[in-house]
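Below is one structure, written out as structure tokens, with a few remarks after it.
Below, chains carry the letters A, B, ... as their sequence lines are ordered, and counting in each starts from 1.
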Amino acid sequence: MAQKLIQGVKGMHDILPEDAERWELFEEIVRGWLRDYGYRPIRTPILEFTPLFVRSVGEHTDIVEREMYAFEDRLNGDPLVLRPEGTAPCVRAVLEHNLINAAGPQRLYYNGPMFRHERPQKGRLRQFHQFGVEAFGYAGPDIDAEHIVMLSRLWRDLGLEDDIWLEINSLGASEERARHREALIAYLETHIDLLDDDARRRLHSNPLRILDTKNPALQAVVEAAPKLYEFLGVESLAHFEGVQALLREAAVPFKVNHRLVRGLDYYNRTVFEWVTDKLGAQATVCGGGRYDGLVEQLGGKPTPACGFGMGIERLMMLWAEVQADSVRAEPDVYLVHQGEAASRLAFRVAEQLRDHGFAVIYHCGGGNFKNQMKKADASGARVAVIIGDDEAAAEEASFKFMREEGEQRRLPVAQLGETLAALLYNVEEEDGSV
RNA sequence: GCGGCAUUAGCUCAGUCGGUAGAGCACUGGAUUGUGAUUCCAGGUGUCACCGGUUCGAUCCCGGUAUGUCGCCCCA
């Protein structure tokens with residue numbers, strides 16, 4: 001296939017400054033929120049060996065069967081893959097470095113790009129970004145509830161609480177799930193003549209999804225099908241009830257959706273999704289749950305675990321609506337200058353002002369004063385500091401407030417920093433004047 | 001991976017029943033050459049996504065490709 005030189009890869013988007021600034025603000029908020037709950041960062045490589053995901057996510061999931069960027073390293077034949085999700089790499093790193101044995105239970109988070117070769121749409125990209133949280137070594141329902149409650153707080157902090165709601169379910173223990181699956185398949189096979197093509201295709205790959213069909217002709221069959229929750233044992237039910245009790249304690253509203261399943265095989269017991277109706281078909285902005293079997297499955301000691309991932313692109317689209325203002329960081333000072341001696345002085349003055357803590361843009365590229373003042377205005381700077389031949393000859397600088405009334409003033413450059421600090425931040429000078 | 005729709009100036013979009021194109025914003029220059037966001041004047045704004053076909057002639061019709069977008073599938 002012929003590629004154009006100047007063309008990004010399909011489904012992989014550049015995040016331009018306007019958006020990237022918003023992303024960084026979002027990331028700062030999220031990191032602060034994670035720290036408040038005692039979560040620590042972990043960073044893992046984007047490449048992993050392919051079998052890691054085949055074993056964890058599941059051989060017969062869509063992710064593994066048709067969406068992984070898997071390839072052979074041309075140099076040594078290693079089977080590599082661009083990670084399609086963050087949980088398995090996190091478990092791998094925790095096991096490889098013995099974090100749990102060394103330091104006990106772990107509360108961790110990560111942030112970064114994930115890769116799935118899907119058909120792109122708005123809010124569904126081939127390279128997308130997630131914040132993920134994983135907790136290892138906690139068996140009780142309190143950690144499940146903690147994850148959900150902390151997310152509820154994040155939505156409030158972001159102003160998204162009206163756009164997102166919570167659905168939860170319990171998948172039970174893996175044996176319980178397996179028995180239900182068997183019963184469900186057996187039931188559906190007795191009604192095979194009633195199923196549509198889609199349902200037949202999913203009968204052995206993902207029978208739970210059939211229960212979610214939109215085909216009205218199947219409603220009666222689906223309604224009478226064996227229910228997963230009828231297969232849950234005492235412990236699973238108690239755990240699920242425990243999670244719900246804590247959610248009620250924290251006054252977090254939720255909806256139990258018995259048809260909620262997740263596309264990754266490793267989940268058990270609690271699963272949850274935060275969904276919105278504002279992003280079309282891409283309704284899920286955050287999903288997660290418990291995966292008590294995964295650590296052992298990947299070769300570790302049996303370790304209870306629970307976590308979630310949130311899609312940054314999807315959340316950013318929601319957040320941009322409630323956060324319409326630009327989040328651009330504006331400089332304090334734009335330094336306008338013309339003439340050789342003046343430019344040299346201005347270069348020094350810029351550094352001098354930065355010593356005082358100011359954000360300073362030194363004009364580059366020449367141009368007349370009119371042109372430079374336009375740039376100063378466009379930059380959003382509060383103050384233009386102007387140095388021409390006259391100022392340079394006297395070791396002085398002029399300054400002018402761009403956003404408020406006031407005459408342009410002129411001072412020796414040695415006094416500029418303190419004077420501007422006083423004017424911009426109302427800092428009193430040593431003699432008490434402002 | 002399947003089906004539908006879209007692609008025109010830097011941005012948001014008009015338009016040509018087939019005769020090589022516009023608006024607003026932005027940008028550049030000017031209104032006593034050392035002063036911005038207002039006002040006035042002037043001006044580039046463009047392979048009309050790409051490749052091919054039909055035609056005297058295609059931005060427009062047809063086919064393919066690329067990308068985006070909507071739905072399905074699936075998921076964050």
Rounded P spacing from B:U16 to B:G53 in Å: 27 Å

P atoms of B:U8 and B:A31, separation to the nearest Å: 37 Å

Plane angle bin for A:Y362 and A:H337 - parallel if under 30°, tilted between 30 and 60°, otherwise perpendicular: parallel

Whether A:H117 and A:Y69 hold their rings parallel, tilted or perpendicular, with breakpoints at 30° and 60°: tilted

Under-4.0 Å side-chain N/O to phosphate OP1/OP2 contact, A:H13 with B:G68: yes

B:G71 phosphate, OP1 or OP2, under 4.0 Å from A:Q121 side-chain N/O: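 So the side-chain polar atoms of A:Q121 do come within 4.0 Å of the phosphate oxygens OP1 or OP2 of B:G71, strictly under.
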
Mind running a 4.0 Å heavy-atom check of [range] against RNA chain B and sending the residues that fall below it, in number order?
range: residues 369-383 of chain A; value: A:F369, A:K370, A:N371, A:M373, A:K374, A:D377
range: residues 267-288 of chain A; value: A:G280, A:A281, A:T284, A:V285, A:C286, A:G287
range: residues 23-51 of chain A; value: none

Sugar-phosphate, base or nothing in reach of A:Q127, heavy atoms under 4.0 Å: nothing

Sugar-phosphate only, base, or nothing, as touched by A:L125 at under 4.0 Å among non-hydrogen atoms: base

Nearest to side-chain heavy atoms of [X], which nucleotide of [options]:
X: A:K10; options: B:G68, B:C74, B:C70; value: B:G68
X: A:K122; options: B:C74, B:G1, B:C70; value: B:C70
X: A:R124; options: B:A76, B:U35, B:C70; value: B:A76

N/O contacts under 3.5 Å, protein versus nucleotides 3-13 of chain B?
| residue | atom | partner | partner atom | Å |
| --- | --- | --- | --- | --- |
| B:G3 | O6 | A:R119 | NH2 | 3.0 |

Check: B:A49 base within 3.5 Å donor-acceptor of A:Q7 side chain: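 Flag unset: no donor-acceptor pair detected.
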
Those residues that, when tested against A:Y39, pass ring pair (Phe, Tyr, Trp, His ring centres under 6.0 Å) (two or more places apart):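 For A:Y39 the ring pair (Phe, Tyr, Trp, His ring centres under 6.0 Å) partners, ignoring immediate neighbours, are A:H147.
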
Stems where RNA chain B pairs, listed by first number, each of three or more Watson-Crick or G-U pairs under 3.5 Å: B:1-7 with B:66-72, B:10-13 with B:22-25, B:27-31 with B:39-43, B:49-53 with B:61-65

